[in-house]
**Q** 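What follows is a single structure, and I will ask about it in a moment.
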Protein chains: 2
Amino acid sequence: MPAKRPPIPLSRERIIDAALHIADSQGLRRLTMRRLGDALQVEAMAIYHHLPRGKDALMDALAEHVTAVHVEPGGSWQESARAWCRASRAALREHPGVLALALTKPPKGRAASAIREQTEQLAEAGLADPAGAVRALRAYVFGAVAVEVQRSGWAEPSGDGDEPWRPPSRGGGSPEADADFELGLEALLAGLTGR
Amino acid sequence: MPAKRPPIPLSRERIIDAALHIADSQGLRRLTMRRLGDALQVEAMAIYHHLPRGKDALMDALAEHVTAVHVEPGGSWQESARAWCRASRAALREHPGVLALALTKPPKGRAASAIREQTEQLAEAGLADPAGAVRALRAYVFGAVAVEVQRSGWAEPSGDGDEPWRPPSRGGGSPEADADFELGLEALLAGLTGR
DNA sequence: ACCTGAACACCGTTCAAGT
DNA sequence: ACCTGAACACCGTTCAAGT
């Protein structure tokens with residue numbers, strides 16, 4: 001007979017991880033408090049103890065998780081911006097299930113501070129309109145990832161249930177898409193200088 | 001006493017219009033078959049007669065509605081691309097409630113043909129990689145609208161219920177955002193030539 | 001402090017039935 | 001052909017209760 005399962009204590013982190021897994025493999029529409037509870041070996045109501053605002057809080061947390069990136073401050077502003085954009089793209093691509101949230105919800109918490117941080121780095125480097133530049137960089141990443149994920153055919157029925165969504169970012173994904181991204185990024189950075 | 005309401009027959013078009021209104025004013029999460037039925041003075045089950053696949057079909061239809069743009073073919077490829085991007089941006093901004101669907105669902109039906117159409121126009125003009133160009137243009141519009149709508153503060157509680165979301169596109173919206181959009185668009189078009 | 005059980009109002013969808 | 005009513009399985013969330 002199986003030993004009584006050791007009850008790993010629930011935590012905000014474990015909840016978010018499980019939620020990401022469900023959203024990425026089955027879609028946001030199937031991410032349900034009850035299903036999430038099942039995945040965590042817990043009754044759905046237990047989740048409310050860790051996320052008091054319930055499903056809204058969960059959605060906020062998911063958007064924040066996939067959207068709050070941090071990069072080391074060293075180097076020129078171009079290098080900083082490059083690193084930031086690449087990290088953002090990687091994070092968004094890794095979790096197509098919550099992309100709709102990430103592109104749509106206004107940044108809060110750590111996501112908002114990440115934006116402020118990046119804006120300051122560009123300001124310190126003497127860029128004329130750092131806020132506008134960060135806006136343009138975010139828009140570039142958002143658009144690029146949106147068409148990438150659309151083209152990847154994620155979101156379509158896919159037939160079976162728990163297909164383990166393999167992120168294209170393991171090892172860098174399609175080299176063609178990577179090259180396109182880098183090309184457009186360089187063009188944007190060049191355009192940002194003469195503003 | 002009020003006269004017996006004249007029963008305007010239900011139709012796919014009326015359903016989609018009502019759904020857009022609900023999504024834009026209350027958010028996608030509150031767009032419900034039952035609420036939609038109420039708005040149409042009909043039991044929810046009547047909707048299934050016009051959209052056999054139910055809510056999935058409705059979501060597809062909404063994404064398609066806001067994403068299938070058509071522009072007249074005349075002029076240079078740059079003019080054609082400009083018109084296409086402006087029309088796309090306008091359509092997406094008009095309905096922030098379904099933006100998440102539009103950015104996320106792979107194009108189908110009229111939306112897919114609109115893309116093919118635009119690709120052909122760029123191909124006929126002799127562009128080297130017309131498909132890649134359309135991809136870049138779509139990404140640009142998607143990203144621009146995503147940060148615009150995020151910044152507009154749509155999606156946040158807003159407190160009250162049936163606030164009649166006023167589209168910023170009546171008359172062109174914020175002139176600053178418009179200028180940014182046009183600037184980035186010209187830069188992208190220039191970049192597309194030397195590919 | 002952390003989790004459960006029962007309960008409530010509300011979902012999407014089906015199906016037989018009405019007109 | 002088009003719509004309704006009743007029914008079913010499933011939601012999110014609350015609250016009192018258990019440990």
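Reminder, nothing fancy here: chain letters follow the sequence lines and each chain counts from 1. Since the model is a prediction, treat every value here as computed from it, not as a measurement.
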**Q** Would you find a donor on one side and an acceptor on the other, under 3.5 Å apart, between the side chain of S11(B) and the backbone of R14(B)?
**A**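 Present.
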**Q** Specify the separation, in whole Å, of atom CD1 of I15(A) and atom C1' of dC2(C).
**A**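 Rounding to the nearest Å, CD1 of I15(A) and C1' of dC2(C) are 12 Å apart.
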**Q** What residues in residues 32-39 of chain A put a non-hydrogen atom under 4.0 Å from any atom of DNA chain D?
**A**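 Contacts with DNA chain D under 4.0 Å: T32(A), M33(A), R34(A), R35(A).
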**Q** Hey, is R82(B) close enough to E182(B) for a salt bridge, meaning N to O under 4.0 Å?
**A**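 Looking at E182(B) together with R82(B), the answer is no, because their closest N to O distance does not fall below 4.0 Å.
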**Q** Whole angstroms only, please: what is the OH-C1' distance between Y48(B) and dA16(C)?
**A**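 So the OH-C1' distance, Y48(B) to dA16(C), works out to 17 Å.
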**Q** Would you check if the side chain of R35(B) reaches a backbone N or O of R30(B) as a donor-acceptor pair within less than 3.5 Å?
**A**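 A pair under 3.5 Å: yes.
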**Q** Please report, rounded to the nearest Å, how far the P atom of dA16(C) is from the NE2 atom of H49(B).
**A**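 Taking atom P of dA16(C) as the reference, NE2 of H49(B) is at 14 Å.
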**Q** Between R138(B) and Q150(A), do the side chains contain an N or O donor and an N or O acceptor separated by less than 3.5 Å?
**A**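 Indeed, the side chains of R138(B) and Q150(A) share at least one donor-acceptor pair under 3.5 Å.
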**Q** In this structure, how many angstroms lie between the P atom of dT13(C) and the CD atom of E43(B), rounded?
**A**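 Whole-Å distance recorded here is 16 Å.
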**Q** On the nucleotide dA1(D), are OP1 or OP2 found under 4.0 Å from the side-chain N or O atoms that H50(B) carries?
**A**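 False: H50(B) side-chain N/O out of range (4.0 Å or more) of dA1(D) OP1/OP2.
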**Q** Rounded to whole angstrom units, what separation is found between the CZ atom of R12(A) and the P atom of dA1(C)?
**A**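 Going from CZ in R12(A) over to P in dA1(C) covers 19 Å.
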**Q** Identify the nucleotide, in any strand shown, that forms a Watson-Crick or G-U wobble pair with dC11(D), with both distances under 3.5 Å; if there is none, say none.
**A**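 Across all strands, not a single nucleotide pairs with dC11(D).
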**Q** With the side chain of M45(B) defined as its heavy atoms from C-beta on, choose the nearest nucleotide among dA1(D), dT4(D), dT14(D).
**A**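 Minimum distance to the M45(B) side chain belongs to dT4(D).
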**Q** Please compare R30(A) and P52(A) by the position of their nearest nucleotide in DNA chain D and report the one closer to 5'.
**A**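 Closest to the 5' end, via its nearest nucleotide, is R30(A).
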**Q** From the options V98(B), V145(B), V69(B), select the one residue that forms a side chain to side chain contact (heavy atoms under 4.5 Å, CB included) with L92(B).
**A**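 Of all the options given, the one that passes is V145(B).
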**Q** Sort out for me which residue in K108(B), R110(B), R12(B) forms a salt bridge (Lys or Arg N to Asp or Glu O under 4.0 Å) with D60(B).
**A**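 The single option meeting the salt bridge (Lys or Arg N to Asp or Glu O under 4.0 Å) with D60(B) is K108(B).
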**Q** Is it true that a side-chain atom of T32(A) and a backbone atom of R34(A) form a donor plus acceptor pair closer than 3.5 Å?
**A**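 Checking the backbone N and O of R34(A) against the side chain of T32(A), no donor-acceptor pair under 3.5 Å is found.
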**Q** Rounded to whole Å, please give me the gap between CZ in R53(B) and P in dT14(C).
**A**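 After rounding, the gap between these two atoms is 12 Å.
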**Q** Which nucleotide, in any strand shown, forms a Watson-Crick or G-U wobble pair with dA16(C), with both distances under 3.5 Å?
**A**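 For dA16(C), the partner nucleotide comes out as dT4(D), under the 3.5 Å rule.
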**Q** Expressed in angstrom and rounded to an integer, what is the separation of R29(B) atom CZ from dT13(D) atom P?
**A**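 In whole Å, dT13(D) P lies 7 Å from R29(B) CZ.
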**Q** Whole Å only: how far is the CD1 atom of I47(A) from the P atom of dT4(C)?
**A**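 After rounding, the reported distance stands at 10 Å.
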